[in-house]
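Letters go in sequence order (proteins before strands), and every chain restarts at 1. Computed from a prediction, not measured in an experiment: that's the story for all the values here.
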Amino acid sequence: MDDALTEEQRFPLLTAKGRRMLRWLQEHPHAPRYNFPCGDRLTAEGLRRVRAFAAELSAAPRGWRWKEMPPWLQPFVEFCLAEVPFYRHAGGSAEDFFARPTTSHEDLRRQPWAFVPDSQPLKDLLVYTTSSTTGSRLIVLSDPETPSKYLPLLQAALATRGVLLEGGCVRVALIQVCVQKQTYTMATVSAYLGEAGYAKINLSPAEWRDPDDRAQFLESCHPEIYTGDPIAFLELMKLPLRARPKALISSAMALLPAFQERLEAHFGCPVIDLYGTTESAPVAVAGRGGFDILPHDLYVEVLGPDGAPCRPGERGEITLTGGRNPFLPLLRYRTGDWASLEFHQEMPVLVGLEGRAPVVFKTAAGQWVNSIDVTTILYEFPLSQFSLHQAADGNLRLKVKGHDLPVAAMRDGLVGLFGRDQGVTIEETSDPEVWSGKAIQYSSALDLMEGP
Amino acid sequence: MEEEGPLLETLTRRLAECPPEFLAEPRIGSVGEIHGAAVVSDLIRDLGGAALTPALAAIFQPANAPPDDTRQRNRLRVTLIAAWLLHDPWFRSRQQLAGRAYEFLAHGLIELAALVPAPRLVSDPDRREELVRLCLKALGLRPAGETIAQAQDRLTTLSSAERQRVIREAQAAEERSRQIREAMARKAAQEAAARYSRE
């Protein structure tokens, strides 16, 4: 029989106290209409391994110098070549890591099963789907422990700003806020966090019995931490909340500094920018000089189009090796995100991080403008979301979302970059566009092959 | 196979001792270390032939293949290992095998390279023997001390065993991916487990 899971299967370690928290979240009079029953699926053995990962994360040596390999990398590559059909088929040896072929979204999209090691039991296989940066659907296989191992990584990210995620069965530790037309929502408890509550909610009013329930529910949960993306936080700011979280963790979209400041002022707490992918889980946390690599078991490279590592400071595609998902060992996996890698002593830092490949625009005078320069101009504006499109006639159309936006100053910024004769239209992103999911930040209709 | 060649064991030992340079990445376009065309050209000269013309060398120095073209890369790696084998003093001392050696390297290794990852031609005793026997056959030779029939039989056994192994592996891989696809369709897999942040 292939029935839905029982509560016992969803929460193998649930105690009476944990069940009380779960019921409280599920049956709260102002709760949203949750649409996806879901637990942490952690067994005692699984929990032990998540805790072991947390201990390793805080104790393991980390960092490397440019083009040096940490000691775990070579055995990991050998494992991939011996055990993983996709990598085995690609051939080559484990010796020359930097000459190995890279792996793309497309490879993973075509045959996710080819990345499962031969020796991996299939009993606990879980399926996640995500949209890749090219918009196509990507299936990521996982086990139940891998998502719970996000939590020590979130704790490590919070620790960079002195915030402690305490958990415990009398507290709601985390609420993930979304603003989407459609997304899974759930109430759950986490064994790793001592059965603290966790809910994923959609702030879209249609998901609630009464739109006012949103504030009442969140106020009554008073979560330690909110996770979400800048769009969701913009919506969260509109709710009349008095309870202050310890921190906000922003991911999935660029968080512009001016908007971050506005969020920090509004919520009176640090706002932490986290970079990760569904394929890898969290990768890096924003620090002073860029994004610091968080996990000790992930090797990060920045590669040029020919697969060769870029020199420190040179921009290229972020490429990942390692991770802890037993169903998806990553070997030189190209993320589709761009940055340069710099080294502070032995600590690699991602600088100028941008989702998706950069787009090149053209000024009226025929000069090239890189999308990263546009991002730099927009840094100072409190935008929760933006997209810039250059039409075939060269005119720019900037769509923005945010509070009280200084439209004239944004126009001046773009004109300063593109020249006085540049045609610029600025408009507000409509809600349906915002809620359609990941927006394409930069696009151009110009034929870039024709040359300046 | 009409003529008797060197002892099989001399050549299989030579393969087992293949220096790491010959196992390095062959150059395709601008990526890789070893110039296949230069190695083969030197070999052909040492076997008594003329240095390769650019047209003859082109097959060992592809310019346009994508760097992740694994089939092409394995063919070149197999070629380099075979070039090491053909540089044995016995072959060089004949000074008349250049033409057949070129044919073998350019066209005689395609099927083998499609089935066997290059490093196994050095590490696996059966594959070493198969490469040596293929090479001798292409040069019109047979191992010293064997009859034509014996040499032919042994080569057939080795290559069909390899084909069988590859077929079995392909079947096992197909069965495994079927099992994974089945596991993916289970309700318990689709329900997944809670994740705590967005990517």
Side-chain angles (χ1 to χ4, degrees), chain A residues 2-5 9-10 36-42 85 89-93 96 99 101-102 111-114 116 118 122-123 125-128 130 139 141-142 144 147-148 150-151 154 174 176 178 186 188 190 198 200 227-229 232 249 251-252 274 276-278 280-282 306-308, chain B residues 20-34 65-78 113-120 122-123 166 169-170 172-199:
Chain A
D2 193 18
D3 289 331
L5 299 185
Q9 288 169 310
R10 284 184 190 127
F36 195 68
C38 185
D40 66 2
R41 309 272 294 261
L42 266 193
H89 192 70
S93 70
D96 194 358
T102 57
Q111 37 178 351
W113 44 85
V116 179
D118 296 335
L122 303 179
K123 187 169 74 68
L125 178 145
L126 307 181
V127 177
Y128 292 96
T130 176
I139 288 177
L141 305 180
S142 173
S148 272
Y150 273 52
L151 292 167
L154 295 185
L174 293 156
Q176 182 181 168
C178 302
M186 62 195 73
T188 166
S190 158
Y198 164 65
K200 180 179 173 221
T227 64
D229 60 46
I249 296 180
S251 56
L274 195 65
T277 69
T278 302
S280 67
D306 60 354
Chain B
E21 301 90 274
F22 284 82
L23 298 169
E25 279 303 311
R27 197 161 181 86
I28 299 181
S30 59
V31 180
E33 296 166 40
I34 302 285
D68 56 356
D69 181 344
T70 51
R71 198 166 259 264
Q72 180 85 289
R73 220 156 30 132
N74 197 53
R75 180 184 69 80
L76 288 173
R77 298 184 78 187
V78 169
L115 288 174
V116 183
R120 288 192 57 214
V122 174
S123 63
V166 170
E169 248 183 40
E174 185 43 47
E175 172 62 11
R176 171 79 172 164
S177 53
R178 189 189 59 75
Q179 288 168 356
I180 297 173
R181 286 195 298 268
E182 265 177 28
M184 285 166 66
R186 286 199 301 251
K187 206 151 189 163
Q190 294 289 329
E191 185 179 304
R195 282 190 306 174
Y196 303 90
S197 67
R198 264 201 82 189
E199 281 100 10

When A/P147, A/S142, A/C38 are each screened for side chain to side chain contact (heavy atoms under 4.5 Å, CB included) with B/R195, the one that passes is A/P147
Contact winner vs chain B - A/T227, A/V127, A/L174, A/T188, heavy-atom pairs under 4.5 Å | A/V127
Side chain, backbone, both or neither of A/S148 within contact of chain B (heavy atoms, under 4.5 Å) | both
Examine whether an atom of B/Q190 lies under 4.5 Å from a heavy atom of chain A, and if so say whether it belongs to the side chain, the backbone or both; otherwise answer neither.
-> both
What part of A/L122 lies closer than 4.5 angstrom to a heavy atom of chain B: side chain, backbone, both or neither?
-> both
Are B/Y196 and A/L151 close enough that some pair of their side-chain heavy atoms sits under 4.5 Å apart?
-> yes
Pairs of heavy atoms under 4.5 Å with chain B: top-ranked of A/A308, A/A99, A/P85, A/A90 | A/A90
What's the shortest heavy-atom distance between B/R186 and A/K123, and which atoms?
-> NH2-O, 3.3 Å
State, to 0.1 Å, how close B/S177 and A/W113 come at their nearest heavy-atom pair, and which atoms those are.
-> CB-CD1, 3.2 Å
Shortest non-hydrogen separation from A/G39 to B/E191 and the atoms involved | N-OE2, 4.4 Å
B/E33 meets the side-chain contact (heavy atoms from CB on, under 4.5 Å) criterion, sequence neighbours left out, with A/D96, B/A24
In this structure, which one of B/E182, B/M184, B/Q179 forms a side chain to side chain contact (heavy atoms under 4.5 Å, CB included) with A/L125?
-> B/M184
Residue A/L141 versus chain B: region with a heavy atom under 4.5 Å | side chain
Check each atom of B/A173 against the heavy atoms of chain A and say whether the ones under 4.5 Å are side chain, backbone, both or neither.
-> neither
Residue from B/P119, B/A194, B/A172, B/A192 scoring the most non-hydrogen pairs under 4.5 Å with chain A is B/A192
Whatever's closer than 4.5 Å to a heavy atom in chain B on A/L42 counts as neither
